[in-house]
Amino acid sequence: QRSAHELPMVEKQSTDNCFVTGGQRMILTGQNFTTESKVLFTEKTPDGQQIWEVEATVDKDKSQPSILFVEIPRYRNQHIRTAAKVNFCVVNGKRKRSQPQRFTYLPAVPIIKTEPNDECEDVIPNQYAAVIQQQQQTSNAVQKVSKNGTSPTQLTSLILDQQEKEPTVTGVTVKQEPQNLDQAYLDDETTWDFFQRLEHFNKLMKL
């Protein structure tokens with residue numbers, strides 16, 4: 001019969017939680033560790049049925065009889081929304097196991113993508129040329145009016161007409177930053193109100 005002191009014993013662990021991606025280092029201090037010691041992570045259902053077991057990587061070069069350096073393994077499910085509670089133990093051979101130690105896996109931090117979604121990627125390239133063409137037409141019209149002169153009534157019609165023709169892609173308005181001062185007053189997203197646009201246009205005609 002084996003005495004209790006031969007069994008590996010975990011007295012302290014440097015961390016008791018990690019993200020589901022794993023890879024974090026955990027340091028175990030205790031007794032009766034050997035160069036052949038293994039660390040097993042396991043998970044059981046509430047009724048005691050084991051549903052997961054994986055062996056963690058132990059750094060044998062750094063490990064000592066009283067300390068183990070362990071790389072926490074990835075959790076079986078990378079898409080959990082709540083914390084998952086598991087156990088781990090140190091194993092020396094087939095029958096020498098430490099008492100199970102508690103460990104918690106945490107949901108991964110979500111990554112927010114800044115790229116356009118697939119639908120936008122499919123649509124915008126096909127319509128991009130039309131947007132550029134419409135903006136060029138707007139710029140040309142403004143330059144022509146600024147040279148020939150115009151009345152406030154004509155200017156109002158021009159602005160409203162360009163707003164109605166503002167290009168859209170699958171129901172979503174495509175907003176572009178103004179490329180020059182002539183286009184700035186035609187952009188609804190600028191901070192210029194209607195009368196400031198008129199004043200700006202009149203200044204352009206006097207240049």
Side-chain angles (χ1 to χ4, degrees), residues 1-128 131 168-177 189:
Q1 183 177 1
R2 295 180 175 85
S3 59
H5 72 274
E6 293 179 344
L7 298 176
M9 180 183 300
V10 178
E11 297 175 346
K12 185 179 180 181
Q13 59 194 84
S14 61
T15 183
D16 62 357
N17 64 79
C18 176
F19 291 118
V20 292
T21 50
Q24 181 177 334
R25 187 176 72 172
M26 177 173 63
I27 302 175
L28 304 179
T29 55
Q31 302 176 24
N32 301 325
F33 300 152
T34 72
T35 56
E36 301 302 322
S37 292
K38 298 179 180 180
V39 177
L40 296 180
F41 280 70
T42 60
E43 183 179 10
K44 295 182 179 181
T45 60
D47 60 0
Q49 181 180 359
Q50 183 168 302
I51 58 175
W52 182 58
E53 178 179 293
V54 65
E55 180 179 344
T57 301
V58 178
D59 190 338
K60 296 182 179 181
D61 295 333
K62 294 183 178 180
S63 297
Q64 303 173 12
S66 61
I67 187 169
L68 289 178
F69 292 84
V70 183
E71 180 181 322
I72 301 171
R74 289 168 58 93
Y75 184 56
R76 63 182 181 87
N77 183 356
Q78 295 292 297
H79 306 290
I80 59 174
R81 296 180 178 272
T82 58
K85 298 184 181 299
V86 301
N87 293 317
F88 73 86
C89 63
V90 178
V91 180
N92 292 348
K94 294 182 178 180
R95 298 185 179 181
K96 295 182 180 181
R97 290 183 174 229
S98 69
Q99 292 294 317
Q101 309 297 311
R102 296 179 179 178
F103 192 83
T104 302
Y105 279 101
L106 305 174
V109 177
I111 301 176
I112 301 176
K113 294 184 179 181
T114 58
E115 297 84 5
N117 57 37
D118 293 340
E119 182 179 353
C120 289
E121 290 177 349
D122 293 337
V123 174
I124 292 180
N126 296 332
Q127 302 295 332
Y128 190 66
V131 174
T168 58
V169 177
T170 62
V172 178
T173 301
V174 178
K175 296 293 184 181
Q176 299 291 336
E177 293 295 328
E189 297 299 322

Test side chain to side chain contact (heavy atoms under 4.5 Å, CB included) applied to K60 and E36, step by step: CA-CA 8 Å; K60 296 182 179 181; E36 301 302 322; 4.1 Å; yes

Sequence neighbours excluded, which residues qualify as side-chain contact (heavy atoms from CB on, under 4.5 Å) partners of [X]?
X	answer
T45	D47, Q49, I51
T21	F19, Q78
Q99	Q101
E71	T57

Side chain to side chain contact (heavy atoms under 4.5 Å, CB included) assessment of E6 paired with N32: CA-CA 6 Å; E6 293 179 344; N32 301 325; 5.5 Å; no

Side-chain heavy-atom pair Q24, T15 within 4.5 angstrom cut-off: yes

Close side-chain approach of V90 to L28, heavy-atom, < 4.5 Å: yes

Closest approach of Q13 to R102 (non-hydrogen atoms, all atoms of both residues): NE2-O, 3.4 Å

Heavy-atom pair with the smallest gap, counting every atom of F41 and M26: CZ-CE, 3.9 Å

Pairs flagged by ring-ring contact (aromatic ring centres under 6.0 Å, His included) wherever residues 53-77 is involved - sequence neighbours left out: W52-Y75, Y75-Y105

How would you list, by chain and number, every residue that makes a side chain to side chain donor-acceptor pair (under 3.5 Å) with [X], sequence neighbours excluded?
X	value
E11	Q31
D61	none
S37	T34, N92
S66	none

For a quick test of your reading: what N or O donor-acceptor pairs under 3.5 Å do the side chains of residues 82-89 make, sequence neighbours left out?
none

Under 3.5 Å donor-acceptor, S14 side chain and I27 backbone: yes

Euclidean distance, L68 CG relative to K62 NZ, rounded to 0.5 Å: 13.0 Å

Test salt bridge (Lys or Arg N to Asp or Glu O under 4.0 Å) applied to R97 - qualifying residues, sequence neighbours left out: none

Derivation and outcome, side chain to side chain contact (heavy atoms under 4.5 Å, CB included), residues V91 and V39: CA-CA 6 Å; V91 180; V39 177; over 6 Å; no

Criterion side chain to side chain contact (heavy atoms under 4.5 Å, CB included) on Q50 and T42, from CA distance to verdict: CA-CA 7 Å; Q50 183 168 302; T42 60; 4.1 Å; yes

